[in-house]
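Structure first, then comments.
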Amino acid sequence: GTCIALAPGSYSAVQLPGGVSLLGKSADSVEVAGVSLASGAGAVVRGVHVTGGGLILDGAEGARVESVRVSASAAAGLDLQNGASATVRSSEFLASASYGVLATDSGNLTVEGSVIASTNGPGLSATCATGCDCPARPSISLDHVLVRDNASVGVYLLGVAATPSNVHIDGTSQKNLSGGGGLYIAGCSDVNAKGLRVEVKDSLPYGAFGIYVDDSAASFGAPGEDEGIIIVGGRPGVWINDGDQVRLENFEVSGSGAVALGLSGLDSRGIIIVGGRVAATGAESVPVEDAGLAEVGDGVLWRDQAEVQIERVTISGSAR
């Protein structure tokens, strides 16, 4: 329950016992070279600028991170370890050497009104290390979050339950042309997304997806005016592989290359695509199974006996 208030200035890295809070006037006036928060409940980190060492929550439960800026971390900007759980509000995670926010086998994580940008790895990664075998699936809530100009993947979810709402992912860059994209959902995750916008750089080659769903359940969009899904660019724009109960509603996929909306997997069941628009899919030369490189420009590509129901979908301007 102790609170440490820092006067304006610069401080070396600090290690806090569990439950101890660190408070500064603002991120513009208080700089700390790194913050590590040990196991305990109810700690607050507020109004500081964390550099270099990043912000580490090591088993901290119910921590609150408010009005904090973390920049140029040598590893992850925010790292939740050993079951740590946190609520993050009005904060920035910028130019980390690896992840912007990393939660591995964490507790619940809520991020609201925050920015994750310019990292040298995924913007946000929330994973259960054992994928589908995780005994307690972490809950990840994202509300009014900007994820911009990160490397490999904007948001990566594996074995978690997530509710992205009013999230904007754009400018993801590929590392070593090894693939990547906006939102990757895998490993028996369960995602309910509304008000999501994903934009992929035009210059990225095939393999830079907008949204990729693999072996997971997901619901994208809802009928409300601000609850739809917009995907701009991507090669492919959206790909669902082995999806289990995936619904895409009130959506627009435009400006994709090769494939706008791809459906595959012998285990794909219960996929519903309703009330949307697929537009302006461009032709590109891409690897095709058993055929080497071939020019592809499909609005919808449906493979592998995937079970799909499509209603009220307009497809226009596809290259073929």
Only distances under 3.5 Å count here; give the side-chain donor-acceptor pairs of residues 258-273 to other protein atoms, sequence neighbours excluded, each with its distance to 0.1 Å.
from   : atom 1 : to     : atom 2 : distance (Å)
Ser264 : OG     : Trp239 : NE1    : 2.7
Ser264 : OG     : Asn241 : OD1    : 2.9
Ser268 : OG     : Asp242 : N      : 2.9
Ser268 : OG     : Gly243 : N      : 3.2
Ser268 : OG     : Ser264 : O      : 2.6
Arg269 : NH1    : Leu266 : O      : 2.7
Arg269 : NH2    : Leu266 : O      : 3.0

Original post:
Would you call Asp170 and Lys201 a salt bridge, taking side-chain N to carboxylate O under 4.0 Å as the test?
Top reply: no
**OP:** I would like to know whether Glu307 and Gln305 meet side-chain hydrogen bond (donor to acceptor under 3.5 Å, both in side chains); could you show each step before the answer?
**Re:** CA-CA 6 Å; Glu307 294 184 1; Gln305 303 176 36; over 6 Å; no
Original post:
side chain to side chain donor-acceptor pair (under 3.5 Å) with Glu199: which residues, sequence neighbours excluded?
Top reply: His168, Arg197
Original post:
Centres of the Phe209 and Tyr184 rings: under 6.0 Å?
Top reply: yes
For residues 6-25, which side-chain donor-acceptor pairs fall under 3.5 Å, sequence neighbours excluded?
from  : atom 1 : to    : atom 2 : distance (Å)
Tyr11 : OH     : Ala7  : N      : 3.3
Tyr11 : OH     : Ala7  : O      : 2.7
Ser21 : OG     : Val44 : N      : 2.9

Subject >> For Ser189 against Ile185, the heavy-atom pair lying closest together >> reply: CB-CG2, 3.7 Å
Original post:
Taking all non-hydrogen atoms of both residues, which atom of Ser98 and which atom of Ala76 are closest, and how far apart?
Top reply: OG-N, 3.2 Å
Under 3.5 Å donor-acceptor pairs involving side-chain atoms of residues 46-57, not counting sequence neighbours:
from  : atom 1 : to    : atom 2 : distance (Å)
Arg46 : NE     : Glu66 : OE1    : 3.1
Arg46 : NH2    : Glu66 : OE1    : 3.2
His49 : NE2    : Ser71 : OG     : 2.7

**OP:** Compare all side-chain heavy atoms of Leu183 with those of Leu196 and state whether any distance is below 4.5 angstrom.
**Re:** yes
Check whether [X] reaches the backbone of [Y] with its side chain - one donor and one acceptor, N or O, closer than 3.5 Å.
X	Y	answer
Asp149	Ala117	no
Ser96	Gly77	yes
Asn250	Gly224	yes

For a quick test of your reading: what N or O donor-acceptor pairs under 3.5 Å do the side chains of residues 106-115 make, sequence neighbours left out?
from   : atom 1 : to     : atom 2 : distance (Å)
Asn108 : OD1    : Ser139 : N      : 3.1
Glu112 : OE1    : Arg89  : NE     : 2.9
Ser114 : OG     : Ser90  : N      : 3.4
Ser114 : OG     : Ser91  : N      : 3.1
Ser114 : OG     : Ser91  : O      : 3.4
Ser114 : OG     : Glu112 : O      : 2.9

**OP:** Could you list all the salt bridge (Lys or Arg N to Asp or Glu O under 4.0 Å) pairs where at least one residue sits in residues 231-240, not counting sequence neighbours?
**Re:** Arg235-Glu284
Subject >> Point-to-point distance, once rounded to the nearest 0.5 Å, from CG of Leu124 to CD1 of Ile140 >> reply: 7.0 Å
Original post:
Between Asn150 and Thr172, is any side-chain donor less than 3.5 angstrom from a side-chain acceptor?
Top reply: no
Original post:
Shared ILVMFWY cluster between Ile240 and Ile310, side chains joined below 4.5 angstrom?
Top reply: yes
**OP:** Establish whether Leu78 and Tyr99 are linked, either directly or via other cluster members, by ILVMFWY side-chain heavy-atom contacts under 4.5 Å.
**Re:** no
